[in-house]
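What follows is a single structure, written as structure tokens, with notes after it.
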Amino acid sequence: LPISECAHVAGVAAPMLAPARVIDPASGRWVTHPVRTADDAAIGPANEDMVVRAINARIAAASGTDIAAGEPLTVLRYRPGQQYRPHLDTMADAANQRVMTMLLYLNAGYRGGDTHFPAPGLSVVPAPGDALLFRNTLPDGRPDRLSRHAGQPVLAGTKWLATRWIRAAPLDPWALS
Ligand code: PD2
Ligand code: ZN
């Protein structure tokens with residue numbers, strides 16, 4: 001992705017950033033959790049401009065998926081010490097599963113923050129503008145344990161990243177909170 005578009009995405013999300021939350025499987029509520037300590041913001045349909053729309057179209061083309069199967073582009077901002085501990089991007093008991101994930105690394109000027117896949121022992125060292133696409137599910141649709149991954153702690157500076165979680169089938173972007 002061109003650096004100017006990376007900066008644009010970060011700029012769209014910046015005023016909406018809030019501590020990242022996850023769904024608590026016990027209560028079904030959104031809660032903050034040490035698994036994910038960054039700030040994040042989803043660029044939903046009300047905030048999606050033409051540049052973000054074009055990026056989402058490129059993600060769909062590169063992944064061979066329907067643009068309507070992508071969740072709203074979500075920006076994460078990690079400050080020193082913040083991280084995303086090992087997890088699967090799949091959801092428990094989802095009818096419309098997250099089959100792929102595209103990560104876009106938006107900036108330079110930080111240390112740490114590698115994306116690490118423990119099972120294959122693979123570390124991706126982010127470079128600005130890079131995109132990383134991986135599958136989360138097996139051919140039969142069940143979660144693939146090998147896709148477990150983490151955003152390593154940022155050691156210095158600020159890491160900006162955008163995530164596009166891609167479902168098996170189109171979803172209503174207005175229905176997500
Ligand atoms: O920031 C990352 O490198 C990272 C790592 C793992 C992001 C995500 N998962 C994600 O957004 O799902
Ligand atoms: Zn993830």
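All ligand and atom numbering here is 1-based and tracks the order in the structure. Numbers here are sequence positions counted from 1. All values below were derived from every heavy atom in this structure, side-chain atoms included, with hydrogens, water molecules and symmetry-related copies excluded.
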Subject >> Aromatic contact, Tyr84 with His149 (centres under 6.0 Å) >> reply: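 Not close enough - the centres of the two rings lie 6.0 Å or further apart.
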**OP:** Indicate, with yes or no, if the rings of Phe134 and Phe117 have centres closer together than 6.0 Å.
**Re:**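 Yes: the rings meet the under 6.0 Å criterion.
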Original post:
What residues come within 4.0 Å of ligand 1, counting heavy atoms only?
Top reply: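 Within the 4.0 Å shell of ligand 1, which is judged on heavy atoms, sit Leu76, Tyr78, Tyr84, His87, Asp89, Leu103, Thr115, His149, Ala150, Gly151, Lys159, Leu161, Thr163, Trp165.
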Original post:
Thinking salt bridges, do Arg167 and Glu71 make one under a 4.0 Å N-O criterion?
Top reply: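 Between Glu71 and Arg167 there is a salt bridge, with a charged N closer than 4.0 Å to a carboxylate O.
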**OP:** Establish, from distance only, whether the side-chain atoms of Ser27 and Asp24 form a donor-acceptor pair under 3.5 Å.
**Re:**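 Yes, side-chain donor-acceptor contact under 3.5 Å.
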**OP:** Please determine, by modelled atom types, if Thr90 and Asn136 share a side-chain donor-acceptor pair under 3.5 angstrom.
**Re:**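 No, no side-chain donor-acceptor pair sits under 3.5 Å.
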**OP:** Quick one: report the N, O or S atom of Asp89 that is nearest to the Zn ion (ligand 2).
**Re:**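 For Asp89, the N, O or S atom at the smallest distance from the Zn ion (ligand 2) is OD1.
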Original post:
If you draw a 6.0 Å radius around CG in Asp140, do more than 12 non-hydrogen atoms from other residues or ligands fall strictly inside?
Top reply: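 Counting other residues, nucleotides and ligands, CG of Asp140 exceeds 12 neighbours.
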